[in-house]
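A quick write-up on the structure given underneath.
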Amino acid sequence: MPVSFQAPKRGDKDKNKTVSQSNKSNLAQDTATVQDILTKKGDTVFSIRPEDTLGQAVELLSEKHIGALVVTNANGDLKGILSERDIVRKLAQTPGKTLPHKTEQVMTSNVETCTREESLISVLSRMTEGRFRHMPVVENNHLLGIVTIGDVVNYRLVELEYEALQLKQLVVG
């Protein structure tokens, strides 16, 4: 974990001493946003077409080690999202006959999206209430990325670890 504050050492002169952060800035409760996750994670989104089969979707999910695919048309417009959960439900309905189905027959069409500026707490709340784990990031009808509930939780855990480290340094220092 990077530490930006260095305590003064013997021999440092007050006029030459610099501090990149203050206690106030270290302990500030800035609102984390979706952009904070996209900055670290990147904007790679794996997608599939509505006319592709569930067999193709399962292969891509397995190959990329992901839990959902964004469904887009040839222009890249968001048409839906297909999660592992959607596929499992279809498997239960049509055992042994699932993989030939088209993605558009199984995908979730009414997709909850967010913007880069939306707070992570808002995104987490919407995911929890809606009982879904993947949310595309869209602005001006353009797909910018995807955030998962795991991304949000991990971001918050790292944030808490950093805060604990800063507090420990204040107490020890």
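All values derive from a computational prediction rather than experimental measurement.
- Linking Ile, Leu, Val, Met, Phe, Trp and Tyr whenever their side-chain heavy atoms come within less than 4.5 Å puts I87 and F46 in one cluster.
- Following chains of ILVMFWY side-chain contacts shorter than 4.5 Å, one cannot reach V70 starting from V137, and the two form parts of different hydrophobic clusters.
- L69 and V111 are not part of a single hydrophobic cluster, where members link through side-chain heavy atoms under 4.5 Å apart.
- Here the CG atom belonging to L165 is positioned 12.5 Å from the CG atom belonging to L160, to the nearest 0.5 angstrom.
- For the atom pair CG (L61) and NZ (K64), the distance works out to 11.5 Å, reported to the nearest 0.5 Å.
- A donor-acceptor distance shorter than 3.5 angstrom exists from the side chain of T128 to the backbone of L124, with no hydrogens or angles considered.
- From T53, atom OG1 reaches atom CD of E104 across 11.5 Å, with rounding to the nearest 0.5 Å.
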Q: Before giving the answer on salt bridge (charged side-chain N to carboxylate O under 4.0 Å, His left out), spell out for E129 and R126 the whole-Å C-alpha distance, their side-chain angles and the decisive distance to 0.1 Å.
A: CA-CA 5 Å; E129 288 173 21; R126 289 171 54 201; over 6 Å; no

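- A donor-acceptor pair under 3.5 Å is absent between the side-chain atoms of E59 and the main chain of Q56, judged by distance alone.
- Residue C114 forms a side-chain contact (heavy atoms from CB on, under 4.5 Å) with just one option from V138, V123, L120, T33, and that option is V123.
- At a threshold of 4.5 Å between side-chain heavy atoms, the hydrophobic network of Ile, Leu, Val, Met, Phe, Trp and Tyr places V71 and L99 in one connected group.
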Q: Go through K168 and E163 one step at a time and tell me if the salt bridge (charged side-chain N to carboxylate O under 4.0 Å, His left out) criterion holds.
A: CA-CA 9 Å; K168 184 177 179 182; E163 288 172 12; over 6 Å; no

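- Although no hydrogens or angles enter the test, the distance criterion places no donor-acceptor pair under 3.5 Å between the side chain of N75 and the main chain of D77.
- When side chains are defined from C-beta on, L143 counts as touching V45, because their heavy atoms get closer than 4.5 Å.
- Put simply, the side chain of T148 never gets that close to the backbone of R133: no donor and acceptor are under 3.5 Å apart.
- Looking at heavy atoms from C-beta onward, T108 lies out of side-chain contact with L82 at the 4.5 angstrom threshold.
- With values rounded to the nearest 0.5 angstrom, K40 atom NZ is found 8.5 Å from N154 atom CG.
- Placement of I48 and L54 within a single hydrophobic cluster is found when ILVMFWY residues are connected by side-chain heavy-atom separations under 4.5 Å, directly or transitively.
- Of the possible donor and acceptor atoms, one in the side chain of D86 sits under 3.5 Å from a partner among the backbone N and O of S83.
- Side chain of K41 to main chain of I146: a donor-acceptor pair is present (N/O by atom type, distance under 3.5 Å, no hydrogens or angles).
- T39 places a side-chain N or O within donor-acceptor distance of the main-chain N or O of Q35, the cut-off being under 3.5 Å.
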Q: Please step through side-chain contact (heavy atoms from CB on, under 4.5 Å) for the pair M127 and V147, ending with a clear verdict.
A: CA-CA 10 Å; M127 287 178 164; V147 293; 4.2 Å; yes

Q: Give the C-alpha distance, both sets of side-chain angles, the deciding distance and a yes or no for side-chain contact (heavy atoms from CB on, under 4.5 Å) between H101 and T94.
A: CA-CA 10 Å; H101 283 89; T94 58; 3.9 Å; yes

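- Here the side chain of E139 pairs a donor or acceptor atom with the backbone of R116 at under 3.5 angstrom.
- In this structure, I66 CD1 and E84 CD are separated by 8.5 Å, a value rounded to the nearest 0.5 Å.
- Note that CE of M107 and CD1 of I81 are 11.0 Å apart. Values are rounded to the nearest 0.5 Å.
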